[in-house]
Amino acid sequence: EAGVTQFPSHSVIEKGQTVTLRCDPISGHDNLYWYRRVMGKEIKFLLHFVKESKQDESGMPNNRFLAERTGGTYSTLKVQPAELEDSGVYFCASSQGGGVGEKLFFGSGTQLSVL
Amino acid sequence: QKEVEQNSGPLSVPEGAIASLNCTYSDRVSQSFFWYRQYSGKSPELIMSIYSNGDKEDGRFTAQLNKASQYVSLLIRDSQPSDSATYLCAVKVRDTGRRALTFGSGTRLQVQP
């Protein structure tokens, strides 16, 4: 069974440009999460989808970030326009079901560098 | 004060020894506790979860939870060089509206052959 896959693995862009990150969750997982880790900091929550609906987007830093999950399958996270402080590793995670025992499976992340 | 605190390390132990990793959390309504292992450049991998006070064992790993002290730990017995990685503590707060995990910054473990 394929795990959570993310594309691209690395992206280097200039300040002001647009970047779109993609996440393919494990097949059948309704829950999809985006997290990010900026340099020297801990991994922080960005948002949570249940199928195609945004369940919680309290972690999104500002309106330059737009996440979508059309059809409840893969998800994209677009940053427009990118700023220097957006550099970091963006992780996607998925899970099946919820409750106390919900277990998240993470992708290997997209390393974003904004120059 | 950080919500989840871990010593960044590195924690260095000899092969075959017990590695003890510690984590404290600030939110008393925290409900679920997880330990993830992350090799450099790789995805975080769930290795243990614990929800009730006490110990939970899985192979060489034991998670310990003390909610009164707001403390969770991970013991790795018979440490191997392949255990060298960053160990992330994550906490989920009991809030029906939110399922986000709050992570510590991780402890880097080095197992010396």
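First the proteins, then the strands, lettered A, B, ... as listed; each starts at 1. Because the structure is a prediction, the values reported are computed rather than measured.
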Residue part contacting chain A, namely of Leu46(B), when any heavy atom lies under 4.5 Å: side chain
From the list Ser8(B), Pro44(B), Ala90(B), the residue making the most non-hydrogen contacts under 4.5 Å with chain A is Pro44(B)
Test of understanding: clusters of I, L, V, M, F, W, Y form through side-chain heavy atoms closer than 4.5 Å, transitively. Do Val72(B) and Ile76(B) belong to the same one? yes
Toward chain B, the part of Tyr35(A) with a non-hydrogen atom under 4.5 Å: side chain
Under 4.5 Å between side-chain heavy atoms, hopping through other hydrophobics if needed: is there a path connecting Phe65(A) to Leu84(A)? yes
With a 4.5 angstrom heavy-atom cut-off, could you sort out which part of Ser58(A) is near chain B: side chain, backbone, both or neither? side chain
Looking only at Leu101(B), Val4(B), Leu88(B), most heavy-atom pairs under 4.5 Å shared with chain A are made by Leu101(B)
Among Glu102(A), Lys41(A), Arg37(A), Lys44(A), single out the residue with the greatest number of heavy-atom pairs under 4.5 Å to chain B. Glu102(A)
Toward chain B, the part of Gln111(A) with a non-hydrogen atom under 4.5 Å: neither
Residue pairs passing the disulfide bond (SG atoms under 2.5 Å apart) test with at least one member in residues 42-80 of chain A, sequence neighbours excluded, are none
With a 4.5 angstrom heavy-atom cut-off, is it the side chain or the backbone of Ser105(B) that approaches chain A, or both, or neither? both
If you count heavy-atom pairs under 4.5 Å between each of Asn31(A), Leu47(A), Val89(A) and chain B, which one has the most? Asn31(A)
Working to the nearest 0.5 Å, report the span between OH of Tyr36(B) and CD1 of Ile43(A). 9.0 Å
Any idea which heavy atoms bring Phe91(A) and Lys42(B) closest together, and the distance? CE2-O, 4.3 Å
Quick one: what part of Glu45(B) sits under 4.5 Å from any heavy atom of chain A, side chain, backbone, both or neither? neither
Which one wins on heavy-atom pair count under 4.5 Å against chain A: Gly106(B), Ser49(B), Ser43(B), Gly104(B)? Ser43(B)
Using the rule that two of Ile, Leu, Val, Met, Phe, Trp, Tyr join whenever any of their side-chain heavy atoms come within less than 4.5 Å, decide whether Val50(A) and Leu46(A) are in one cluster. no
